[in-house]
Each structure stands twice: as C-alpha cells, then as structure tokens.
Amino acid sequence: MELNLPEELLFPEPQFARKNFYSLNGAWEVSLSGGAWRAVKVPYCIESELSGIGECGFVYDLCYRKRFALPSDMRIGRVFLHFGAVDHRAEVTLNGTLLGSHSGGYTPFAFEITAALCDGDNLLEVRVHDDVHDQFPSGKQSPREQSFGCFYTRTTGIWQSVWLECVPEEYLLGVRYFPNAERGTVRLEVRACTEGDFSAEITYEGRPMGSCAGWLSYKGEFEIALSEKHLWECGAGRLYRVRLCFGKDEVFSYFGLRDVRYEGKRFLLNGKSVFQRLVLDQGYYEGGVYTPASDAAFLADIRAAMDLGFNGARLHQKVFDPHYLYLCDRLGFMVWGEYPSWGMEYYDLAGLGTFLSEWKEAMERDCNRPSVVTWCPLNETWESLSDTRKWRDVRFVDAVYAFTKALDPTRPCVDVSGGCHGHKTDVADYHCYDGFALLQERMCKAMRGEMDFLKMYCEGDGIAYAGEPQNLSEFGGVSFGGRRIEQTQCVQEEVAWGYDSVSDEDSFVQNYERTIRMLLACEQLSGFCYTQLYDVEQEENGLLTYARGAKFSEDGMRRIREANRMPAAIEASQK
C-alpha cells in the first residue's frame, strides 16, 4: 500500500496554518508525582512505550519542562504557544510567569507568550492533574489500574503536538466556512483581533476560483461565488484552498463544497441518497496509545477502511488528531464527530457545564472539516456505569442536543448513540450486538417503527420513536473467540474477547455477508457502523489486529469488501 503524505501535514493544524511556526515536539523532561526528572518524548502520553516512560499505574500529578531558544525569524510581532491536547487539567508557566490553565483532555488551547519570553534559553513548564475517577469526559480510559473489558490504557498528559506560532501585531483569530453546494458559493465568517483590510483568495488545483476583499472590524461576513463547482464526495475529497490576509497576517486554509442533511429517512450528500457504510475507529495505536508513531498510521487506517468497502468511520469516544481529519477531508471519507462522553454522570446536571465547555471547543475546532457529516456528543447514556441505582437525567441529553444545534445547524446531530434518546434527535440511533436471528427480528420491528433495542428510550420520560431516520451505529464485534493474550503491565485480562465469536474465517465471512445483505435491504435504514476496524488491546473483535495486521485471506477481505459495496435499498428510495 503506497502511503504518500501531503505537504499540509507539516503544519500542526492544516485548517488554519501559518508558515512561521516552530515545533516543540521531541525531547522534554517529566516528573511523575514529584519524583526525579526523566526524559520523555512529546507528544506521547506517559503510559505509552513511545514516550520512553511506559508508566501504566495511576499518576494523578506530573510536571513537564522543556528549555528552548526562540528562532531568530520569530522575533517579530506576537508569539503564541499552542497545545493540541493535554489530558486533563494543564497549568502552564514560562520563565516563572504563569500563562494560564486549561481543563479538557481532548481540545486545543493557546497562550500569548510574547511578554514572558527571554533572549536565549526559555524554560517552559506544564503541570498536569488527571484523575479519571473525577466527573469529566475520559472516554474509554480505564478507571482501574489496568485495562479490562472495553476500557483501555489511560492517556495522561501531553498527547498532541506543542508548537510556537508567530503572528503580526494585528492578526486573524479564526474563520468559519458555509459552503452552498447547489449555488456554488461559500460564505466566510471571519474574526480578527482588531480592524483592518481583509482579503481572501480561493483556488482549486492551482486555478483561481474567486476572491473577496474589504474592511474587517473584528468580525465580518463575505460571500464568494466560485467560478467552478467541484463537489466533495465519498472517495473524492475535492478541496478548495484558501489564502486569508489581514494586514500583514497570512493564513492558509481549505474547505469542501458539500451539503449534508436528512430528507425523510434518507441521508443526503449533495442531494444524493448515500448509505453510511461506517466502521468504528477508536483511535488507539500499539505503542502510542492515543498517538501513533507517525501520520502514516492515520493514512493507513483510512485506506484500510476504504479498501474494505467502508465510506466512513464513527470516531468513537475520542477527539481525533487534526492530521487524521485532514486526511479524511482529502480522501472523501465521512466521519461522525464524537466526544469521549464516558466518565460523565448523566443523572447529575452539575457536570453539564464541564461537558458543554469541552464539547464547544471540539466543535469549533472541527466545524470546517467537510469529512465531519454528523455530530454525536453522547454515547450510551443510561444508568451510571458504576451504580445501576442511579438513572441519568434526560435534561442533560436535551441540553446537549440543543447546544449542539445552536452552535452548528448545518449538520445532523445524533443526541445519543446507542442509549436513551432525549426529546429531540435528528437520528433514531441504536446499537445491537445480538446474533443474526435476533438482530434480523429487531430490524424487522424497527422498519415498522416498533423499536426493540436495549434502553433506547427511558421509561417514564414519555419519549418514544417519532419517525426519525434510523441508524444502526454499533453491531458485529465478532471475534475468533477465547484466545489467551500475552500479559502486559497495562492489561488485566487473560483472554481476548468479542461480543460474539466464531471458530474460523469462513464462518466469520459467511455471517458477515448475510448480516450486511440483511441490513442493506432495510428500506428505512440510513446507515450502519460495524464494530470495529481493528482490535484494541484485550478487545479482539476487529477486522484487523491491533498492530494492523491482516486477519483474513485476500479472498476473505474481497468478500467483506464486496458485501459492504452492495447497493442499499434506501439509496434507490425516493422517500
């Protein structure tokens, strides 16, 4: 498989890139729980082998430090320090000056450091507190010392890129794109730190497509008619390049010309019915936990999914790296933007502010990415995972849905994937890991509007199926059953598991083919998501191994691919 990485991945954030930046990834020092300083490689979490630490026990407090000299070509204007993600609460100091703090283990943050910089060496320190037992989003990170069940190795500390960025005194803060695929236009909402002259130039494969210019006073809107229409489609991520200028500030960006919505029961991409053939991607990597050894791993996973006949992925219980999403944008690979909502207590409204604050940052980071076709803020909101006597408060779910739609009305929102829906959702979404016969029976009921899925609605709330589009966003999870796994410091389980098991490849593929054939024949089903693309630690129910090795023969892979690519009944439907 040829893996050619685009030049845009040189920038930490391809969606809003400046040329004058300086990476701080690489060699740092870290002190765990006040202990001795040790060498660590950033941006790998301390639990990972690639960090050079490999500490799998609980570490609630740690401190990073790094000395650096500012490059001479960055000694102009203002300098900002950026963090892609630090789990969970970070307090940042430069040369003894407190820059600020940030809570939220999955979202980016930045501080201006101009006044705190010194000539020569600078000392950067990052103090981190992280305890997955507190009520904040932590996804699939294990609340026990070791991995077990569907909970995996924790991610503590810095796990995405750290970099410096130089900007002029007057600079752009951000841009939001609103493409109109039918009209062939794009509307820009632009924000700046002050007032000044603004311009934007759009190109496609080097050819001019349109431009705008005008006076920008902190915030403004501009609409551009594109001279050529190139739609973003599945398998064809046709991206328009954008050059934004505000005074002396120059930013490079991009967007895709596409429209997503539901009409009746059908999911429409650019007005065309498209069945979402998704696969679950949990964003775990052997040796790196949340962070792979290189961006080539991102590309390999996307290519592997596409080669198996999937046209997208549900990004499960994690906010993925911007480089992964840029590659999805380039390749025309649809994704659901999810938040790692596990770790929250859904019956307790006291945690709502914490969740919404972090979810807002994730949405704002990814709102311009054409690959993100659905927002999915919550997963399996039913009883508290640790106390079955406590039922979640439906107002939590209702508030998250309303907040999501207020921030971005242009995308569908699944209020809850595979759990108790609230009073409003754009998609009636359900999970089902039953065997073929029972899954078929439940799907037949669903097509009649008679939902029979685990805790899809909460008794007593008066909420029921109201005719929304349907999506089976988790099913499958089949393993080859009972294999003893190699014991490691981070993994508790002795036997690999799946939701179901078969004895050999032919049994697996035959079951896969008949299941996919049955689902694609469901006339009101808008999409599915198979669990899962690859194994994760002790959960060995992927189509690939955790090391991304093949589990099936070439013929087996061909049969899986051909099954996924069969036409879906709803794609031919006009209702």
Side-chain angles (χ1 to χ4, degrees), residues 1-26 43 82 84-85 108 159-165 172 174-175 177 179 186 200-210 226 228-245 250-258 281 283 285 288 290-308 310-313 315 319-335 337 365-373 533 548:
M1 181 187 300
E2 186 178 359
L3 300 176
N4 295 319
L5 295 172
E7 290 185 3
E8 284 82 359
L9 296 189
L10 295 173
F11 299 105
E13 173 52 276
Q15 179 54 238
F16 199 77
R18 293 183 174 93
K19 290 184 177 180
N20 203 357
F21 77 96
Y22 179 66
S23 175
L24 293 181
N25 291 345
H82 292 263
W159 67 274
Q160 285 189 23
S161 289
V162 185
W163 72 98
L164 302 175
E165 185 176 53
L172 290 168
V175 62
Y177 301 110
V186 61
E201 299 173 354
I202 299 176
T203 60
Y204 182 81
E205 295 183 347
R207 302 189 303 275
M209 293 288 117
L226 302 170
E228 296 176 11
K229 186 189 293 189
H230 301 278
L231 296 180
W232 190 95
E233 297 176 321
C234 291
R238 305 180 183 98
L239 299 180
Y240 289 83
R241 306 295 172 178
V242 186
R243 178 174 174 263
L244 306 168
C245 294
E250 183 180 49
V251 173
F252 299 91
S253 184
Y254 69 90
F255 69 91
L257 186 61
R258 65 105 180 93
D281 189 335
Y285 307 92
Y290 266 8
T291 312
S294 74
D295 289 338
F298 293 145
L299 183 55
D301 282 354
I302 299 167
R303 290 285 194 195
M306 295 176 75
D307 289 345
L308 283 165
F310 297 103
N311 58 16
L315 306 184
V319 178
F320 278 53
D321 190 286
H323 284 186
Y324 175 97
L325 291 169
Y326 174 69
L327 291 168
C328 293
D329 294 338
R330 286 259 308 202
L331 294 172
F333 189 68
M334 299 185 295
V335 300
R365 194 200 76 169
D366 294 339
C367 63
N368 285 331
R369 308 190 198 276
S371 60
V372 179
V373 298
L533 181 58
R548 305 326 195 247

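Basis for what follows: all heavy atoms, side chains included, without hydrogens, waters or symmetry-related copies.
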Novice: Once rounded to the nearest 0.5 Å, what's the spacing between atom CG of Leu315 and atom SG of Cys328?
Specialist: 6.5 Å
Novice: Give the intermediate values and the outcome of side-chain contact (heavy atoms from CB on, under 4.5 Å) for residues Asp281 and Tyr324.
Specialist: CA-CA 11 Å; Asp281 189 335; Tyr324 175 97; 3.3 Å; yes
Novice: Do other residues, nucleotides or ligands put more than 12 heavy atoms under 6.0 Å from the NZ atom of Lys229?
Specialist: yes
Novice: How many angstroms lie between atom CZ of Arg207 and atom NE2 of His230, to the nearest 0.5 angstrom?
Specialist: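 Interatomic distance, Arg207 CZ to His230 NE2, rounded to 0.5 Å: 5.0 Å.
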Novice: So do the side chains of Pro322 and Arg369 get within less than 4.5 Å of each other, counting heavy atoms only?
Specialist: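 Yes - at least one pair of side-chain heavy atoms lies under 4.5 Å apart.
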Novice: Determine the minimum heavy-atom distance between Leu244 and Ala200, stating which atoms define it.
Specialist: CD2-CB, 3.8 Å
Novice: To the nearest 0.5 angstrom, please state how far the OH atom of Tyr254 sits from the CZ atom of Phe16.
Specialist: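 Those atoms lie 13.0 Å apart.
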Novice: Set out, in order, the CA-CA distance, both residues' side-chain angles and the distance that settles side-chain contact (heavy atoms from CB on, under 4.5 Å) for Phe298 and Leu5, then state yes or no.
Specialist: CA-CA 10 Å; Phe298 293 145; Leu5 295 172; over 6 Å; no
Novice: Would Trp163 and Phe21 count as a close aromatic pair, with their ring centres under 6.0 Å?
Specialist: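 Centroid separation for Trp163 and Phe21: 6.0 Å or greater.
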Novice: Is any side-chain heavy atom of Cys234 closer than 4.5 Å to one of Met334?
Specialist: yes
Novice: What I'd like to find out is whether the side chain of Thr203 reaches to under 4.5 Å of the side chain of Arg243, using heavy atoms alone.
Specialist: no
Novice: Does any non-hydrogen side-chain atom of Leu325 lie less than 4.5 Å from one of Arg365?
Specialist: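 Counting from C-beta outward, Arg365 and Leu325 do come under 4.5 Å.
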Novice: Looking at Arg330 and Gly237, would you say the former's side chain and the latter's main chain have a donor-acceptor pair under 3.5 Å?
Specialist: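 Looks like no, no N/O pair under 3.5 Å.
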Novice: CG/Leu24 to NE2/His82 distance, rounded to the nearest 0.5 angstrom?
Specialist: 11.0 Å
Novice: Go through the structure and list residues passing salt bridge (charged side-chain N to carboxylate O under 4.0 Å, His left out) with Arg548, not counting sequence neighbours.
Specialist: Asp301
Novice: Side chains of Glu8 and Tyr326: any donor to acceptor distance under 3.5 Å?
Specialist: yes
Novice: Between Phe333 and Ala305, which heavy-atom pair has the shortest distance, and what is it?
Specialist: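 Scanning both residues completely, I find the closest heavy atoms to be CZ-CB, 3.7 Å.
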Novice: To the nearest 0.5 Å, what is the distance between CD1 (Ile202) and CD (Glu228)?
Specialist: 12.5 Å
Novice: Of all the heavy-atom pairs spanning Val319 and Gln160, show the shortest one and how long it is.
Specialist: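 In terms of heavy atoms, the two residues are closest at O-NE2, 3.9 Å.
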Novice: Which of these passes ring-ring contact (aromatic ring centres under 6.0 Å, His included) with Phe255: Trp232, Tyr177, Tyr204?
Specialist: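 Going through the options one by one, the only one that passes is Tyr177.
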Novice: The test is side-chain contact (heavy atoms from CB on, under 4.5 Å); show your working for Val162 and Asn25 and say whether it passes.
Specialist: CA-CA 6 Å; Val162 185; Asn25 291 345; 4.3 Å; yes
Novice: Check whether any side-chain heavy atom of Pro179 sits under 4.5 Å from a side-chain heavy atom of Leu226, and report yes or no.
Specialist: no
Novice: Atom CD of Glu201 and atom CZ of Arg241: how far apart are they, to the nearest 0.5 Å?
Specialist: 15.0 Å
Novice: So, the side chain of Asp321 versus the backbone of Thr291: is there a donor-acceptor pair under 3.5 Å, distance only?
Specialist: no
Novice: Would you sort out whether His323 and Leu327 count as a side-chain contact (heavy atoms from CB on, under 4.5 Å), showing the intermediate values?
Specialist: CA-CA 6 Å; His323 284 186; Leu327 291 168; 5.6 Å; no
Novice: Under 4.5 Å between any side-chain heavy atoms of Arg18 and Phe252, yes or no?
Specialist: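 A side-chain contact is absent here, since even the closest heavy-atom pair is not under 4.5 Å.
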